[in-house]
Amino acid sequence: MEKLPKIGLPIIVGLIILIIVIAKSAVTIGSGQAGVLYKTFGGGVVTDKPPLGEGFHIVAPWNKVYVYEVRRQEIFEKMKVLSSNGLDIQLDASAWYKPKYDELGKLHQEIGENYLNRILLPTIRSAARSVVGRYTPEQLYSSKRDAIQAEIFEETKKIVSDQYIILDEILVRDVTLPSTIKEAIERKLKQEQEALEYEFRLVSAQKEAERQRIEAQGKADANKILSASLNDKILQDKGIEATTKLAESQNSKVIVIGSGDSGLPIILGNQ
């Protein structure tokens, strides 16, 4: 009985050590994450194998696992840039990005966990300054925003694709100009719009006048043709036809047989 405490103590110590070792060796990778294994006595960062996927893993207690987010992430950035004529422009943009999964070990080895601030953000800022510097404030304010967004994306992507980063999109959310420049541009745009409206009304009036002229010319031509076709014989026949219809009418009337200036009967009557 006296030997039990002496035997039990090493067992308890061994269990404690085992629990500590297991706790140090157990690694859980969450959803949307991946782990980069660092072997202290085995060559450092593992780059020739895929990263550790989601779930529970056992690693040697002297090794270490660096966990990375591998889902798409978004970063917002406000930048001060210069236009082509040297004016200060504030650009609000966001970027969708994620690390390359299969090359996560190389990303960790060559750049590190802070790859966002070391690579991605400086590249976006540099591309934004380069692109915005090609445009005037008027172009930035109005028609060129989509082109600027596409150019910033292409220039940034060209650089970060070699840095084990996937860039999905860059969105230019807002372009803020100095208030005086913005007001001047708005006045200019308003004047251009008014000029376009005036030109449209002028063209519409010209088209309406042309339509009326053509219509009047058509009526004049029709009357001319009709007048040329009405000779005395046709008029006399029409008069006889009208007289016949009046004679057949049930209304009371007096018909005086005679001849007027046109050789037709003179008709008198009341109803």
Side-chain angles (χ1 to χ4, degrees), residues 10-81 90-131 149-174:
I11 294 175
I12 293 172
V13 173
L15 288 174
I16 292 173
I17 294 173
L18 181 62
I19 291 171
I20 294 173
V21 170
I22 292 175
K24 290 288 186 179
S25 303
V27 176
T28 300
I29 307 296
S31 299
Q33 296 179 332
V36 175
L37 180 61
Y38 178 85
K39 294 183 175 181
T40 304
F41 304 110
V45 178
V46 176
T47 59
D48 57 349
K49 294 181 181 179
L52 301 177
E54 300 174 2
F56 182 80
H57 301 272
I58 296 292
V59 298
W62 51 84
N63 293 336
K64 189 174 182 179
V65 175
Y66 295 89
V67 178
Y68 280 79
E69 183 82 24
V70 293
R71 288 178 291 200
R72 174 190 283 178
Q73 303 167 70
E74 185 173 19
I75 181 67
F76 295 89
E77 182 70 3
K78 291 181 180 290
M79 297 169 280
K80 291 287 187 180
V81 293
Q90 179 172 301
L91 198 69
D92 293 355
S94 64
W96 296 344
Y97 70 96
K98 59 185 176 183
K100 291 183 179 179
Y101 185 88
D102 293 335
E103 298 180 320
L104 201 57
K106 292 182 180 180
L107 173 66
H108 181 77
Q109 185 181 58
E110 298 180 20
I111 301 172
E113 296 174 280
N114 197 23
Y115 67 91
L116 175 63
N117 292 316
R118 289 183 175 179
I119 299 295
L120 187 57
L121 283 179
T123 305
I124 293 175
R125 292 168 187 155
S126 176
R129 292 189 183 98
S130 174
V131 171
Q149 178 175 290
E151 289 179 28
I152 294 174
F153 171 70
E154 291 299 331
E155 289 198 15
T156 306
K157 184 178 181 180
K158 183 168 58 177
I159 295 174
V160 302
S161 61
D162 294 332
Q163 303 297 321
Y164 318 113
I165 301 170
I166 297 174
L167 184 65
D168 291 329
E169 190 62 82
I170 288 182
L171 304 174
V172 175
R173 300 186 177 275
D174 191 27

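Along the sequence shown, the residues carry numbers beginning at 1. Worth knowing before you read on, the calculation uses all heavy atoms, side chains too, and leaves out hydrogens, waters and symmetry mates.
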Determine which pairs satisfy salt bridge (Lys or Arg N to Asp or Glu O under 4.0 Å) with at least one residue from residues 58-71, sequence neighbours left out, and list them in order. Glu69-Arg71
Within the distance-only criterion (no hydrogens, no angle test), does the side chain of Gln149 pair as donor or acceptor with the backbone N or O of Val172 below 3.5 angstrom? yes
Check whether Thr123 reaches the backbone of Ile119 with its side chain - one donor and one acceptor, N or O, closer than 3.5 Å. yes
Once side chain to side chain contact (heavy atoms under 4.5 Å, CB included) is applied, do any residues pair with [X], and if so which ones, sequence neighbours excluded?
{"X": "Lys98", "result": "Ile166, Asp168"}
{"X": "Asn114", "result": "Asn117, Arg118"}
{"X": "Glu155", "result": "Ala127, Ser130, Val131, Arg134"}
{"X": "Ala93", "result": "Met79"}

Applying side-chain hydrogen bond (donor to acceptor under 3.5 Å, both in side chains), can you list everything that pairs with [X], at least two apart in sequence or on another chain?
{"X": "Gln163", "value": "none"}
{"X": "Arg129", "value": "none"}
{"X": "Glu113", "value": "none"}

Which pairs of donor and acceptor atoms, one on a side chain in residues 34-57, lie under 3.5 Å apart (sequence neighbours left out)?
unit_1, atom_1, unit_2, atom_2, d
Thr40, OG1, Trp62, O, 2.3
Glu54, OE2, Gly32, N, 2.8
His57, NE2, Gly53, O, 2.8

Sub-4.5 Å side-chain heavy-atom contact between Leu91 and Ile152: yes
Any heavy-atom pair between the side chains of Tyr97 and Leu116 that's under 4.5 Å? yes
Sorted by chain and number, sequence neighbours left out, salt bridge (Lys or Arg N to Asp or Glu O under 4.0 Å) with Glu169 holds for none
Which residues pass the salt bridge (Lys or Arg N to Asp or Glu O under 4.0 Å) test with Asp102, sequence neighbours left out? none
Closest approach of [X] and [Y], non-hydrogen atoms and distance?
{"X": "Ile170", "Y": "Phe153", "result": "N-CD1, 3.7 Å"}
{"X": "Ser161", "Y": "Lys100", "result": "O-NZ, 2.8 Å"}
{"X": "Pro99", "Y": "Leu107", "result": "CB-CD2, 3.6 Å"}

Just verifying a value: how many Å separate [X] [atom1] and [Y] [atom2], rounded to the nearest 0.5 Å?
{"X": "Asp162", "Y": "Lys157", "atom1": "CG", "atom2": "NZ", "result": "12.0 Å"}
{"X": "Ile75", "Y": "Ile124", "atom1": "CD1", "atom2": "CD1", "result": "8.0 Å"}
{"X": "Ile165", "Y": "Leu120", "atom1": "CD1", "atom2": "CG", "result": "5.5 Å"}

Of all pairs that satisfy ring pair (Phe, Tyr, Trp, His ring centres under 6.0 Å), the ones with a partner from residues 102-124, not counting sequence neighbours: Tyr66-His108, Tyr68-His108
